[in-house]
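Working notes for the structure below.
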Amino acid sequence: MEKSVRIFAPATIANLSCGFDVLGCCLDTVGDEMVITLTDKYGVSISKIEGADLPKSPEKNVAGVAVNALLKYLGKNVGVDIEIYKKIKAGSGIGSSAASSAGAVWAVNYLLGNPLKNVELIPFAMEGERLASGNAHADNVAPSLLGGFTLVRSYDPLDVIALHSPDQLYATVIHPQIEIKTADSRSVIKQNVPLDKAITQWGNLGGLVAGLYSENYELIGRSLKDVIIEPLRSILIPAFDNVKENALKAGALGCGISGSGPSIFALSKGYDTA
Ligand code: ADP
């Protein structure tokens, strides 16, 4: 059995405009690297973190929390050492904490001979998200673990669906050099949604899912709209409206806030447009 594995832990775009807390997609060129090793010394340790100033204590690092939750469930008394090579800045809005949580549980499951399927690892990675933002959301860890686009159909019980990903779809992400904590960007959101806005939003969510399956890029573009969260959150991102307008002028299908921001994403048909 292998003792150590070096993995790529992908960044993700959550929400995708119309799918707050339920939609996400995985980026295949942006992400962290991690080295996970099974050791004889019982317990989880984080021996190295490069590229970011993050806690090494396994109780304070999302990777440690997620792995501990998994080991507890599996009833495994093994030692696990984690090295994290951060390329995704924490608080950037492209799932920095999710990459560490998802990557760590995936690697430990792999080294233990894959007792669980990728989809079954989601609840343990969500424990890392609970530490990072106080809320065990799955819209970043699900696409990080499953790849492509994912939909959290339900949180209780957890029901995550891997969606079809059209091959001509490319994402552009820009990261303004400001930090917005997920907890802060959650505090600007209203808890109640007027019915007319809800109708618009679920129409677009259905349209986006249909557009992904039928590879109808026009429909994807028409559906990438957010009338509930973006108007409130975009205020936290200087020049958001300007960036969005110019992305659409340049041919993007749609443009919005990635996760809780401040990163801004656009989806385009074809690499050249992106
Ligand atoms: P993001 O959306 O980019 O994941 P969050 O604000 O949700 O950003 O989460 C980042 C928070 O999680 C920071 O407070 C950071 O200190 C904490 N954290 C703990 N461990 C990690 C880790 N391994 N990688 C990234 N962030 C971590």
Q: Answer yes if L253 and L219 sit in the same cluster of Ile, Leu, Val, Met, Phe, Trp and Tyr residues linked by side chain heavy atoms under 4.5 Å apart, and no otherwise.
A: no
Q. Regarding H175 and S263, is there a side-chain donor-to-acceptor distance under 3.5 Å anywhere?
A. yes
Q.
Can you see whether S234 engages K244 through a side-chain donor-acceptor pair at a distance of less than 3.5 angstrom?
A. no
**Q.** Nearest-0.5 Å distance that lies between atom SG in C26 and atom CZ in F149
**A.** 10.0 Å
Q: With the side chain counted from C-beta on, respond yes when L54 and K86 share a heavy-atom pair under 4.5 Å apart, and no when they do not.
A: yes
Q: Would you check if the side chain of Y155 reaches a backbone N or O of D21 as a donor-acceptor pair within less than 3.5 Å?
A: yes
(Q) Show, in sequence, the C-alpha distance, side-chain angles and deciding distance for M34 and E83, and conclude whether the side-chain contact (heavy atoms from CB on, under 4.5 Å) test is met. (A) CA-CA 5 Å; M34 303 175 84; E83 294 173 24; over 6 Å; no
Q. Where is the tightest heavy-atom contact between V188 and L232, given as atom of each residue plus distance?
A. O-CD1, 3.7 Å
Q | I88 CD1 to D32 CG distance, which is reported to the nearest 0.5 Å | A | 4.0 Å
Q: Please name the pair of heavy atoms, one in L131 and one in K60, separated by the smallest distance, quoted to 0.1 Å.
A: CD2-O, 3.3 Å
**Q.** Shortest non-hydrogen contact from L208 toward L16
**A.** CD2-O, 4.1 Å
Q. How about I264 and I257: do any of their side-chain heavy atoms sit closer than 4.5 Å?
A. no
Q.
Any donor-acceptor pair under 3.5 Å linking the side-chain atoms of H137 with those of D139?
A. yes
Q. Can you find a heavy atom in the side chain of D226 that is under 4.5 Å from one in the side chain of N15?
A. no
Q.
Between S144 and P10 (side chain of the first, backbone of the second, donor and acceptor by atom type, cut-off under 3.5 Å), is there such a pair?
A. yes
Q: Kindly work out whether a path of hydrophobic side-chain contacts (I/L/V/M/F/W/Y, heavy atoms less than 4.5 Å apart) joins F124 to L111.
A: yes
Q. Do K89 and S96 have a side chain donor and acceptor closer than 3.5 Å?
A. no
Q: Would you mind reporting whether S47 and I82 have side-chain heavy atoms less than 4.5 Å apart?
A: no
Q.
Under a 3.5 Å threshold, yes or no: a donor from one side chain and an acceptor from the other, between T37 and D81?
A. no
**Q.** Heavy-atom pair with the smallest gap, counting every atom of V78 and Y42
**A.** O-CD1, 3.8 Å
Q: Taking the six-membered ring of Y85 (Phe, Tyr or Trp), confirm whether the NZ or CZ of R6 is under 6.0 Å from its centre and within 45° of its axis.
A: yes
Q: Specify the closest pair of heavy atoms between Y213 and L163, including all atoms of both residues, with the distance to one decimal.
A: OH-CA, 3.5 Å
Q.
Check for me, please, whether I84 and V65 land in the same ILVMFWY cluster - side-chain distances under 4.5 Å, paths through other members count.
A. no
Q: Say whether, by atom type as modelled, one donor and one acceptor occur between the side chain of N216 and the main chain of E218 under 3.5 angstrom.
A: yes
Q. In Å, rounded to the nearest 0.5 Å, how long is the span from OG1 of T12 to CG of N140?
A. 3.5 Å
(Q) Are the side chains of L145 and V160 in contact, using a 4.5 Å heavy-atom criterion? (A) no
Q: Find out whether R130 and N135 are in side-chain contact, i.e. whether some heavy atom of one side chain is under 4.5 Å from a heavy atom of the other.
A: no
(Q) With no hydrogens and no angle check, just 3.5 Å: does a side-chain donor-acceptor pair link Y170 and Q168? (A) no
(Q) Is there a path of hydrophobic side-chain contacts, each under 4.5 Å between heavy atoms of I/L/V/M/F/W/Y residues, joining I161 to I220? (A) yes
Q. To the nearest 0.5 Å, how far apart are OG1 in T200 and CG in L205?
A. 12.5 Å
Q.
Would you say S268 and T273 are linked by a side-chain donor-acceptor pair, where the criterion is simply a distance under 3.5 Å?
A. no
**Q.** Point-to-point distance, once rounded to the nearest 0.5 Å, from CG of D159 to CD1 of I122
**A.** 9.5 Å
(Q) I'd like to know if the side chain of E120 reaches the main chain of K117, judged simply by a donor and an acceptor atom lying under 3.5 Å from each other, with no hydrogens or angles considered. (A) yes
Q. So, E245 and K249, do they make that salt bridge, N to O below 4.0 Å?
A. yes
Q) Ignoring hydrogens and geometry, is there a side-chain-to-backbone donor-acceptor pair from N61 to S57 under 3.5 Å? A) no
Q. Does atom CG of D196 have more than 12 heavy-atom neighbours, drawn from other residues, nucleotides or ligands, at distances under 6.0 Å?
A. yes
Q | Shortest non-hydrogen separation from A98 to V141 and the atoms involved | A | CB-CG1, 3.7 Å
Q: Verify the cluster assignment for I237 and L267: are they in a single hydrophobic cluster under the rule of side-chain heavy atoms below 4.5 Å apart?
A: no
Q. Mind checking whether L121 and W106 have side chains closer than 4.5 Å, heavy atoms only?
A. yes
Q. How about E129 and S97: does a side-chain donor come under 3.5 Å of a side-chain acceptor?
A. yes
Q: Apply the test side-chain contact (heavy atoms from CB on, under 4.5 Å) to residues V30 and K87: give CA-CA distance (whole Å), side-chain angles for both, the deciding distance (0.1 Å), then the verdict.
A: CA-CA 8 Å; V30 184; K87 308 249 169 76; over 6 Å; no
Q: Check V80, L112, V105, V44 against L70 for a side-chain contact (heavy atoms from CB on, under 4.5 Å) and give me the one that passes.
A: V105
Q. Quick one: does S258's side chain have a donor or acceptor within less than 3.5 Å of a partner on G261's backbone?
A. no
Q: Could you check if a side-chain atom of S260 sits within less than 4.5 angstrom of a side-chain atom of R186, using non-hydrogen atoms only?
A: no
Q. How far does OG of S185 sit from CD1 of I180, to the nearest 0.5 angstrom?
A. 6.5 Å
Q.
Is there a side-chain contact (heavy atoms from CB on, under 4.5 Å) between H164 and E215? Walk through the geometry before answering.
A. CA-CA 9 Å; H164 179 71; E215 306 210 355; 2.6 Å; yes
Q) Where do Y110 and V5 land on the side-chain contact (heavy atoms from CB on, under 4.5 Å) test, with the steps shown first? A) CA-CA 9 Å; Y110 172 81; V5 65; 3.9 Å; yes
